[in-house]
Protein chains: 2
Amino acid sequence: MSEVTLRDVARVSGCSVATVSRVLSGTRPVGPETARRVRAAAESLGYRPNQVARALRSRSTGTIGLVLPQITNPFFPSLVREVEHALHAGGRGLLLADCDDDPATEVDRITSLLERQVDALLVIPVDETHSRDAVALAASRVPLVLLDRACGPGVADSVAVDNAAGMALVLDHLAGTGRRRFCFLGAAGTASTAVERRTAYETGIIALDPLAPGRVELGDFSVEWGRAAAERIWPARPDAVVCANDLIAVGAVQRLRQLGADVPGEVAVTGFDDIPMASLSEPTLTTVRQPAADMAAEALRLLDQRLAGRAAEAHRSVRLAPELVVRASSTPRAVGASRAAAPRTTIPSSRSPEEQQ
Amino acid sequence: MSEVTLRDVARVSGCSVATVSRVLSGTRPVGPETARRVRAAAESLGYRPNQVARALRSRSTGTIGLVLPQITNPFFPSLVREVEHALHAGGRGLLLADCDDDPATEVDRITSLLERQVDALLVIPVDETHSRDAVALAASRVPLVLLDRACGPGVADSVAVDNAAGMALVLDHLAGTGRRRFCFLGAAGTASTAVERRTAYETGIIALDPLAPGRVELGDFSVEWGRAAAERIWPARPDAVVCANDLIAVGAVQRLRQLGADVPGEVAVTGFDDIPMASLSEPTLTTVRQPAADMAAEALRLLDQRLAGRAAEAHRSVRLAPELVVRASSTPRAVGASRAAAPRTTIPSSRSPEEQQ
DNA sequence: TTGAAAGCGCTAACAT
DNA sequence: ATGTTAGCGCTTTCAA
């Protein structure tokens, strides 16, 4: 729709389109006087570069695609926000695709973004196994980084929170505030987040409560399941209920209170992810915050490295340190909310990504 | 990144690039035999059209931009989802821009999307007044529809829920279940949603409870404000607390219960929007659902009409009928959740948009 | 119905 | 440092 083109600016400033292009995109040195004239002309004409034409010629759209399972999943909006901001800060745009939690739709969306010539792809895969082929194929055509969830080994670079470290923070906190009788409400299945959190719990709990492995309930990542699971474990009278995500924890708290339990006095409950609801529920929920801004920044860093040429190198898997957010659901009495910063760890490299805003 | 081009398909199928183009984009009639050969060649080569080249030539990117205040606002993800699905169903793509609730950022994002040659713009304006100029300017360059929030009169086409009808549904429901002493927790300010809901309440409440206008608290659309406002009105012992959105309602329920009130036995609480949290809170929240799918469909319909040429016509403002969702927070006793469908009204036209999925 | 040719607006060689 | 010339991959006149 923009009517004024490079040619117009060239005509008005009295030089060639090539020179104008060079001034405006800063590709090559240009005489200071010419540059001034060009800029003045562009300004007075209200020139806006046509990114489509630029993309066709330079083979780079300045656009990256983000493919995610469901934007309505409460953890994703904050990730989308950070990705969008990081991208726009670098003058790039974000093409968003929502897969409706369906691997077939995911294939379709990836194809569509590729046709639109995205420079690179950020993918939160729908399914550990069913997304593999589509991701691998896409990764062979364009730089691709997996975000938040993995998708089998050796498919692409990936960035995620260190689930094991997060679970360790939770267990330390609960043990440190006197909890002794643990149980775990998790998710069954092979999704990387489900497996990693479950495994980390199992590993860490042995030393704290040898009988805890018998108090594990596995379902899915939902409030419903949290309610049902809470009902099943309450007869065992745990004093700490560790949940694999915030939704499960919210459901667990609701049911425990209905059953007459005092949360947190009698039993502490913890979540994982720090979705918005965690700080708005009653009581507010102790949880593990995923460093969304860091994750976005890391993912773009990896993408930019691939874009800069390191195409053939081995895939890297970056794990970012989570942060424990202590709130009312695990506090002995009305002590209020506070945060404990966790040391940041990165695996396998050991850079320290920029701080979360 | 796609290496195989139209020329390759032309060479393999033994005809000209023009013919291949016509077959693949169905622009003009082509001989059945040729068409078959072309399709076979395209298939065997794994040809994927380059949408950037297509866009440059045809002056249409098949991409629309969505500009919103903050993706982390809990009502927007469902709207984004519906827009994305409606767009992809028509083979189009979605460029997403998040304004961080800042009008200056909004200007920047709109400019960026325009440079990327979006075919049209969907805008949820950040601010009633501060967004006006940017929206008006953008609307002069490309078809633009305002979504969910207005932005002064006569700026562009707009689609939103009928807030007045929603508030009427709430009042009918509460009065019909025996509530007699009302109060309202709303938002101050000039945002269209705040004003419309407030006004509708004031209009409808007179007949039900002449003294209710004295029990109105105005703050912002947050859980915090809901808590504070609940504390301020509880001494008046209302039996119905009408809130201008779900966040306020969630806060109000929390504080009312802390104050010893029985919700819903003693006092009913209602929200607006039906954000995910409304069905997950305890008790579940009676609220007014915004027809997100209908809104998305309507907005695209208006956009497509402008795209099809009706550029000079007067701006249209479509209001879609909301749906009352009755849940536990307004039910006399543990009757459980149920829904009451509302008649759909559309202003000023009277089409009946497709059903919500 | 099909082909040849001319660009869309820009950047990148290649000249100068 | 600047201009000239080719295209990027596609659609769309214009002829045939």
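In this text, all values refer to a predicted model and were calculated from it rather than measured experimentally. Chain letters run A, B, ... following the sequence lines, proteins first, then strands; residues in each count from 1.
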- Query: Among D:dC8, D:dT4, C:dG3, which is the nearest nucleotide to the side chain of A:Ser16?
  - Reply: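 Given the options D:dC8, D:dT4, C:dG3, the side chain of A:Ser16 is closest to D:dT4.
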- OP1 or OP2 of C:dT11 sitting under 4.0 Å from any side-chain N/O of A:Arg54?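 Yes.
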- Message: C:dA12, OP1 or OP2 - any side-chain N/O from A:Ser58 closer than 4.0 Å?
- Response: no
- Any side-chain donor paired with an acceptor under 3.5 Å for A:Thr63 and A:Arg116? no
- Give the nucleotide from the list C:dC8, D:dG9, D:dT11 with an atom nearest to the side chain of B:Arg59. C:dC8
- When rounded to whole Å, the CZ to C1' distance for the pair A:Arg37 and D:dG3 reads 13 Å
- Task: Rounded to the nearest angstrom, tell me the gap between atom CG in B:Asp8 and atom C1' in D:dG9.
- Result: 11 Å
- Item | Rounded distance (Å) that lies between atom P of C:dG7 and atom CZ of A:Arg7 |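 It is 10 Å, rounded to the nearest whole Å.
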- Task: Mind jotting down which residue pairs meet the salt bridge (charged side-chain N to carboxylate O under 4.0 Å, His left out) criterion with at least one end in residues 19-33 of chain A? Sequence neighbours excluded, please.
- Result: A:Glu33-A:Arg36
- Residue whose closest nucleotide on DNA chain C lies nearer the 5' end, A:Val17 versus A:Arg28: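 The residue whose closest nucleotide sits nearer the 5' end is A:Val17.
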- Message: By the 4.0 Å heavy-atom rule, please label A:Thr19 as base, sugar-phosphate, or nothing.
- Response: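 If one applies the 4.0 Å heavy-atom cut-off, A:Thr19 turns out to touch the sugar-phosphate alone, with no base involved.
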- Query: Does a distance-only test, which skips hydrogens and angles, find a donor-acceptor pair under 3.5 Å between the side chain of B:Arg57 and the base of D:dG9?
  - Reply: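 There is none.
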- Message: For a quick check under 3.5 Å, do B:Thr27 and B:Ser25 share a side-chain donor-acceptor pair by atom type?
- Response: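 A donor-acceptor contact under 3.5 Å links the two side chains.
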- Query: Once you round it to whole Å, what is the distance between C1' of C:dG7 and CG of B:Leu6?
  - Reply: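 The answer, rounded to whole Å, is 15 Å.
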- Over how many whole Å does the gap from B:Gln51 atom CD to D:dC10 atom P extend? 9 Å
- Out of C:dG9, C:dA5, D:dT2, whichever nucleotide has its closest atom nearest the side chain of A:Asn50: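 The answer is C:dG9, which lies nearest to the side chain.
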- For the pair made of CD in B:Glu115 and P in C:dC10, what is the distance, rounded to whole Å?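 Those two atoms, CD and P, are 10 Å apart.
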- Item | d(CZ, B:Arg36; P, C:dT2) in whole Å | 13 Å
- Protein-nucleotide distance (A:Leu56, atom CG; D:dT11, atom P), rounded to Å: 12 Å
- Query: Out of C:dG9, C:dA12, D:dG9, which has the shortest distance to the side chain of A:Ala53?
  - Reply: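 The closest nucleotide is C:dG9.
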- Item | Any A:Ser21 side-chain nitrogen or oxygen under 4.0 Å from OP1 or OP2 of C:dT11 | yes
- Task: By nearest nucleotide on DNA chain D, pick out whichever of B:Tyr47 and B:Arg22 is the more 5' one.
- Result: B:Tyr47
- Query: When rounded to the nearest 0.5 angstrom, what is the spacing between CD in A:Glu3 and CZ in B:Arg141?
  - Reply: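 Output value for this atom pair is 5.5 Å.
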- Any Lys/Arg nitrogen of B:Arg301 or B:Asp304 sitting under 4.0 Å from an Asp/Glu carboxylate oxygen of the other? no
